[in-house]
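The next block holds one structure in the form of structure tokens; read it before the comments.
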Amino acid sequence: MSRQRLEELYREVDKMHDEGRWLDLVAVYEECIRVSIEVNGENHDETLSFYVEYGGLLRNLGRYEEALDPLQKALRISYNMKGPEHLDYASCLVNLANLLRQMNRNVESEHLFLRAKKIFEDKNAVQLLQYASLVNNLGLLYQQMGRDEEAIPLHQISLSILRQDPQYEVLYGVTLNNLVDPYKHTGQRDKAITCLRQAIFIFRKNIDSSPVLYATSLNNLGIIYYEDGDYEQALGCFKTAVEISKRKMGVKSESYQVSKTNYEQALAKVQQGSAATHSAALELTSIPIPGSLDGLNQISRQATNLNNTGRSADNRSTDPMNDIYHVQYAAASTEYERPKAEIDINMKGLALSEAYFYDVCYPMLQKEFAAHLPRMAAGLVGEGSECFGFDDNISRDHDFGPSFQIFIPEEDMAVYGEALKAKIAELPDTYGPFEARNACELGEGRVGLLTIEGFYDKFLAIHEVPTTNRLWLQMNDISLSTATNGKVFFDNLGRFTEIREGLLKHYPDDVRLKRLAYECTQIAQSGQYNFPRSLQRQQYVAASLALNEFVQHFISFVYLINRTYKPYYKWEHEGLKKLPLFGQLAHRELNNLVLNSFEEKPKYAIFVVESLCKKAIMLLKKEKLTDCPSDFLLDHAPYLLAHAQDEAIRYSNPWLER
């Protein structure tokens, strides 16, 4: 019962994180700790991770004194389990050091940071994200202590680690921001401005996940311009910060209130046409960047390899950014120096695409099409194993090589489309050690300049998010998966991302229920009924066909449970490993089922099929979608449909997919 309760708590925690219910999470984490101690004991990875996450939550809520106890307990448990030289112990030291830094207990904080730093260095683990986080946060401590000259090289070490992997781009931007004040305080004002401009470009690209960072950086750049007497530039920065803050965080947010006040003061200066005075700048208010690279609680409850950096109690928004674009942003973007990816002959196609785009194409866009950049998006999305991240040496024999996509509105094609196509054609088609893209006949038209509408029409026959259940039922997983995979490098207009984000919310609940019901009928019919009967008759071809149907429909079921679109058939089994609910287990068991000859081991094959079906029923019951007592999955289909609000779906035939 306790293990079942722990699984329920996991789901509650994830749901509350998604909904931003930080205060409600406090009591849930307290129960997580109690139940984990009951199930696992205190000296256990699961208990340790809950203490770390709980302490991090309290710290993010500003409840520093309360956060001390769980983070100190996490440190003690890590010491008992791992020893004082283990990287997990070092990460617990960092978590506690960060809390002490925020409590202004600077001497104690520095002592813990330096202990952790020595452990990482002794283990030769100085290229890990965790080490980048450690030296960045130690740099923040030194800034707090007025030791700016010591802080600068620490932040630079962090940058050197983060620039090696494009997935850390936002963290790279945060660290650039952390360098601004020490550069200003040590008289290196030009470097401070360059760092801010580079950070602004990064945060603008990632605005859906980093609206606070983007608005805050613009505000702080505006202050530098204001201090220099450049009120026009300052006004543009503040205006954009106000618009972003209002749209993304609301008029009650600190970011909005501060940026609005600064905007009004800069506007008054512009209207007065008065000369700059340094003292006037002191009227403005800066907003501190959330500078820790942590969030930071570095012990994952799934594992202790420190691969995740925890959750942060910031305001996360998925609202797409549309048409906000200002001269100040364009000026910053022309000076952007993207963190360089390490060009390696073994790098994945998606990383190759992004590096090639920013190194080869983006400078051309800035120079030749700066006026149209606000209406463009770029990325690599759609057909091809590289868009799913499944490419390997075998898949390089076709449609592989330096490439990218630029997406523009259909109405723009007549304005500058042909000129842009011509300029793209002039770009070098080789890049580093990579030869030109070897496109097969069927691969033509996948990359280059595309219209937003044409891209979505190709896969979905519409270029908007379906608005009715009937339209959603006409969609299929493979097309939806293909239209939403890959990576969008930037989207200045926001139109491409608006459709993408709407699709990624997955099927409406009633449509998902309909599809789950259908998969239940097919799994039961092929796996639980026809497969064992074919084996009894020694009809092995029929058994093989039945098993194939079972595998396909069971995989579809697992993707639906995870609210994820199933990819093209040759990748659907591999993709299971990425799914949090039952994905790894389903991948392993289905692999075992196919590898074992059911001619020689028919009872084992039937056992695997039945055990998978029982697990599927358990997952449905956890979602409270069925209370049917039957072990035959077919019997559960009507129970699923009974939950649908749409009567056409509720009373539909579960044997039909649409």
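What's counted below: heavy atoms across the whole structure, side chains too, no hydrogens, waters or symmetry copies. We're numbering straight along the sequence, starting at 1.
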Exercise. Which residue pairs pass the salt bridge (Lys or Arg N to Asp or Glu O under 4.0 Å) test when at least one of the two sits in residues 26-44, sequence neighbours left out?
Worked result: Arg5-Glu31, Glu42-Arg76

Seminar exercise, completed: For Tyr529, the side-chain contact (heavy atoms from CB on, under 4.5 Å) test, sequence neighbours excluded, returns Gln525, Arg533, Phe632

Exercise. Just how far is it from atom CG of Asp491 to atom CD1 of Ile499, taken to the nearest 0.5 Å?
Worked result: 9.5 Å

Exercise. At their closest point, which heavy atom of Thr521 faces which heavy atom of Ala637, and how far apart are they?
Worked result: CG2-CB, 3.8 Å

Exercise. Roughly how far, to the nearest 0.5 Å, is SG of Cys387 from CG of Asn485?
Worked result: 5.0 Å

For this session: State, yes or no, whether a side-chain contact exists between Leu590 and Leu576 at a heavy-atom distance under 4.5 Å.
Result: yes

Exercise. Leu535 and Ala543: which non-hydrogen atoms are nearest, and at how many Å?
Worked result: CD2-CB, 3.9 Å

Exercise. Quick one: are Gln405 and Val381 in side-chain contact, heavy atoms under 4.5 Å?
Worked result: yes

Exercise. Do the two ring centres, one from Phe455 and one from Phe496, sit under 6.0 Å apart?
Worked result: yes

Exercise. Given the rule in the side-chain contact (heavy atoms from CB on, under 4.5 Å) test, do Phe407 and Thr451 qualify, once you have shown the distances and angles that lead to the verdict?
Worked result: CA-CA 5 Å; Phe407 303 101; Thr451 67; over 6 Å; no

Exercise. Is any NZ, NE, NH1 or NH2 atom of the basic residue among Lys348 and Glu386 found under 4.0 Å from an Asp or Glu carboxylate oxygen of the other?
Worked result: no

Exercise. In this structure, which one of Asp646, Ile649, Leu625, Leu560 forms a side chain to side chain contact (heavy atoms under 4.5 Å, CB included) with Leu513?
Worked result: Leu625

For this session: State plainly whether the residues Glu623 and Arg512 are in salt-bridge range, i.e. N to O under 4.0 Å.
Result: yes

For this session: Identify the two heavy atoms, one from Leu9 and one from Cys32, that lie closest to each other, and give their separation to 0.1 Å.
Result: CB-SG, 3.7 Å

Exercise. Are Phe550 and Leu547 side-chain neighbours, meaning at least one heavy-atom pair lies under 4.5 Å?
Worked result: yes

Exercise. For Glu464, what residues pass the salt bridge (Lys or Arg N to Asp or Glu O under 4.0 Å) criterion, not counting sequence neighbours?
Worked result: none

Exercise. Hey, what's the ring geometry for Tyr54 with Tyr29, parallel, tilted or perpendicular (30° and 60° as the breaks)?
Worked result: tilted

For this session: Would you please say whether a donor-acceptor pair under 3.5 Å links the side chains of Ser385 and Asp391?
Result: no

Acceptor/donor pairs from residues 608-620 side chains to any protein atom, 3.5 angstrom cut, sequence neighbours excluded:
residue : atom : partner : partner atom : Å
Glu610  : OE1  : Gln528  : NE2          : 3.2
Ser611  : OG   : Phe607  : O            : 3.2
Ser611  : OG   : Val608  : O            : 2.9

Problem set entry | Minimum side-chain heavy-atom gap Val170-Phe203 below 4.5 Å | yes

For this session: Check whether any side-chain heavy atom of Arg515 sits under 4.5 Å from a side-chain heavy atom of Asp477, and report yes or no.
Result: yes

Seminar exercise, completed: Nearest heavy-atom approach of Pro70 to Leu58 is CG-CD1, 4.2 Å

For this session: Check whether any side-chain heavy atom of Asp165 lies under 4.5 Å from a side-chain heavy atom of Leu129, and answer yes or no.
Result: no

For this session: Not counting sequence neighbours, list each pair that qualifies as a side chain to side chain donor-acceptor pair (under 3.5 Å) and has a residue in residues 557-566.
Result: Ser556-Lys566

Exercise. Do Tyr568 and Ser481 come close enough that some side-chain heavy atom pair is under 4.5 Å?
Worked result: no

For this session: With sequence neighbours excluded, tell me which residues meet salt bridge (Lys or Arg N to Asp or Glu O under 4.0 Å) with Lys621.
Result: none

Problem set entry | Asn469 (side chain) donor-acceptor with Val511 (main chain) under 3.5 angstrom | no

Problem set entry | Shortest non-hydrogen contact from Ser534 toward Ala542 | OG-CB, 3.8 Å

For this session: Check the pair Asn591, Arg588 against side-chain contact (heavy atoms from CB on, under 4.5 Å), reporting the backbone distance first and the verdict last.
Result: CA-CA 5 Å; Asn591 204 54; Arg588 183 177 67 249; 5.7 Å; no

Problem set entry | Basic-acidic side-chain contact under 4.0 Å: Asp45, Lys82 | yes

Problem set entry | Residues Arg11 and Glu7 bridged, charged N to O under 4.0 Å | no

For this session: Report the C-alpha distance between Leu6 and Glu46 in whole Å, list the side-chain angles of each, state the deciding distance to 0.1 Å, and finish with yes or no for side-chain contact (heavy atoms from CB on, under 4.5 Å).
Result: CA-CA 10 Å; Leu6 206 54; Glu46 206 164 22; 3.6 Å; yes

Exercise. Centres of the Trp571 and Phe388 rings: under 6.0 Å?
Worked result: no

